[in-house]
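Only heavy atoms go into these numbers, but all of them, side chains included; no hydrogens, no water, no symmetry mates.
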Amino acid sequence: QINVLENSQGQKQTNGEKEENENDQSSPEIPKINVGNHEEFSNLRYQINQLILEYTIDWGNFELITNKNIETAKKIYIEALENPTCNENKNLDIQLKIAECLLAKNKRSECLNLLNYLCSRWNKRCDLLLMRARLHGKSMNTKYQYEDVKRALEIDNNNPLANQFYKELQ
């Protein structure tokens with residue numbers, strides 16, 4: 001069992017501090033949580049972190065889409081990346097949301113740096129190459145735009161978006 005007690009400032013107290021507060025009638029009772037063995041506790045902690053991750057992403061989406069608060073959404077997404085249950089797929093999804101925020105704030109160079117990193121980390125993803133190609137197109141850098149589209153077609157020559165971009169660039 002784990003004894004949890006926080007003082008009015010949200011700080012955890014030691015047993016000695018707890019004894020001092022026993023005479024104080026305003027002190028809360030110590031809740032007892034039965035967590036079983038270490039494996040059950042680890043599983044519970046993992047599930048809680050997964051819920052926190054999902055809620056954090058939802059909160060970021062709400063700020064981005066509903067409130068149009070791009071800077072807050074970006075900070076929330078960055079916080080979500082620090083969650084220990086953030087796997088590779090979630091990481092990429094969150095990084096793409098951050099790229100959206102950077103584009104919405106017209107921070108093209110920061111977005112390009114992020115996309116360069118993502119394209120090097122996930123180098124077989126057409127969607128990343130095409131997103132970077134679009135960014136190059138907005139910056140009127142057709143040489144790099146063409147190279148990204150061509151690379152996307154090398155990965156998947158049946159990709160309809162890559163084929164469409166390729167036809168537009170010719």
Side-chain angles (χ1 to χ4, degrees), residues 1-18 21 27-136 138-139 144 148 151-152 155-156 159 161-162:
Q1 290 185 341
I2 298 175
N3 292 330
V4 178
L5 177 67
E6 293 186 2
N7 65 17
S8 62
Q9 297 169 344
Q11 299 170 332
K12 292 182 180 175
Q13 296 178 338
T14 64
N15 285 339
E17 291 172 330
K18 182 192 137 233
N21 289 332
S27 295
E29 220 177 280
I30 300 172
K32 294 185 180 190
I33 305 169
N34 188 3
V35 293
N37 63 33
H38 179 71
E39 186 178 319
E40 289 174 359
F41 179 70
S42 293
N43 188 34
L44 179 62
R45 182 174 49 201
Y46 180 81
Q47 290 175 357
I48 290 169
N49 279 328
Q50 277 189 316
L51 283 173
I52 291 169
L53 177 63
E54 292 303 320
Y55 285 124
T56 305
I57 293 169
D58 288 346
W59 180 26
N61 292 341
F62 177 79
E63 289 296 329
L64 180 64
I65 297 164
T66 307
N67 290 347
K68 306 290 188 224
N69 193 339
I70 297 162
E71 196 58 38
T72 300
K74 184 179 121 193
K75 289 176 185 176
I76 292 168
Y77 291 135
I78 290 170
E79 183 179 317
L81 289 173
E82 296 171 6
N83 187 301
T85 63
C86 186
N87 61 29
E88 286 288 308
N89 289 331
K90 284 278 187 213
N91 185 304
L92 178 59
D93 291 343
I94 294 167
Q95 296 276 14
L96 290 174
K97 294 283 188 181
I98 293 170
E100 284 181 43
C101 292
L102 292 171
L103 278 179
K105 295 289 274 183
N106 207 21
K107 295 183 176 182
R108 289 183 182 171
S109 65
E110 287 179 50
C111 186
L112 181 60
N113 289 338
L114 176 58
L115 288 173
N116 286 338
Y117 163 74
L118 296 176
C119 286
S120 68
R121 185 168 175 189
W122 288 280
N123 57 5
K124 300 289 183 193
R125 296 281 308 250
C126 291
D127 57 336
L128 295 175
L129 290 165
L130 296 174
M131 187 175 187
R132 187 170 68 179
R134 266 182 273 180
L135 182 60
H136 285 311
K138 288 182 180 185
S139 302
Y144 290 121
D148 280 344
R151 175 80 175 110
I155 294 169
D156 179 8
N159 185 301
L161 190 56

Novice: Minimum heavy-atom separation for Arg132 and Leu115, please, with both atom names.
Specialist: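 Closest approach of Arg132 to Leu115: CA-CD1, 3.8 Å.
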
Novice: Could you state the interatomic distance from CZ (Arg125) to SG (Cys119), rounded to the nearest 0.5 Å?
Specialist: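 Rounded to the nearest 0.5 Å, the CZ-SG separation comes out at 10.0 Å.
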
Novice: Any non-hydrogen side-chain atom of Glu88 less than 4.5 Å from a side-chain atom of Trp122?
Specialist: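 A side-chain contact exists here, since the closest heavy-atom pair is under 4.5 Å.
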
Novice: If you round to the nearest 0.5 Å, how far is CG of Asn91 from SG of Cys86?
Specialist: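 Here the interatomic distance stands at 5.0 Å.
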
Novice: Say whether, by atom type as modelled, one donor and one acceptor occur between the side chain of Asn49 and the main chain of Asn83 under 3.5 angstrom.
Specialist: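 Checked: no pair found.
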
Novice: Rounded at 0.5 Å granularity, tell me how far CD1 in Ile94 sits from CG in Leu53.
Specialist: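 That separation rounds to 5.0 Å.
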
Novice: Could you check whether atom CD of Glu79 has more than 12 heavy atoms from other residues, nucleotides or ligands sitting under 6.0 Å from it?
Specialist: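 Not buried by this count: 12 neighbours or fewer within 6.0 Å.
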
Novice: Closest heavy-atom contact between Arg108 and Lys138?
Specialist: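 Taking every non-hydrogen atom into account, NH1-O, 3.0 Å.
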
Novice: Contact between Asp127 and Leu161 at the side-chain level, heavy atoms closer than 4.5 Å - yes or no?
Specialist: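 Contact flag for Asp127/Leu161 side chains = no.
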
Novice: Only one of Thr56, Ile57, Asn69 forms a side-chain contact (heavy atoms from CB on, under 4.5 Å) with Ile76, so which one is it?
Specialist: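 Going through Thr56, Ile57, Asn69 one by one, the side-chain contact (heavy atoms from CB on, under 4.5 Å) with Ile76 is satisfied by Thr56 alone.
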
Novice: So how far is it from Leu128 CG to Leu114 CG, rounded to the nearest 0.5 Å?
Specialist: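 Here the rounded value is 9.5 Å.
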
Novice: Looking at residues at least two apart in the chain, or sitting in another chain, which of them share a side chain to side chain contact (heavy atoms under 4.5 Å, CB included) with Ala73?
Specialist: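 For Ala73, the residues satisfying side chain to side chain contact (heavy atoms under 4.5 Å, CB included) (neighbours in sequence not counted) are Glu63, Leu64, Tyr77, Cys101.
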
Novice: Among Asn123, Ile155, Leu118, whose side-chain contact (heavy atoms from CB on, under 4.5 Å) with Leu129 holds?
Specialist: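 It is Ile155; the other options fail the test.
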
Novice: Determine whether Asp148 and Arg134 make a side-chain contact, defined as any pair of heavy atoms from C-beta on separated by less than 4.5 Å.
Specialist: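 Side-chain contact under 4.5 Å: no.
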
Novice: May I ask you to test the Gln50-Glu54 pair for a side-chain heavy-atom distance under 4.5 Å?
Specialist: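 Sidechains of Glu54 and Gln50: no contact.
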
Novice: Any chance you could measure Arg121, atom CZ, to Asn116, atom CG, to the nearest 0.5 Å?
Specialist: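 Answer for the CZ-CG pair, Arg121 versus Asn116, is 15.0 Å.
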
Novice: So, taking the atom named CD1 in Ile70 and the one named CD1 in Ile98, what distance separates them when rounded to the nearest 0.5 Å?
Specialist: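 Ile70 atom CD1 to Ile98 atom CD1 measures 13.5 Å (nearest 0.5 Å).
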
Novice: What do the steps show when you test Thr85 against Gln47 for side-chain contact (heavy atoms from CB on, under 4.5 Å), and what is the final call?
Specialist: CA-CA 9 Å; Thr85 63; Gln47 290 175 357; over 6 Å; no

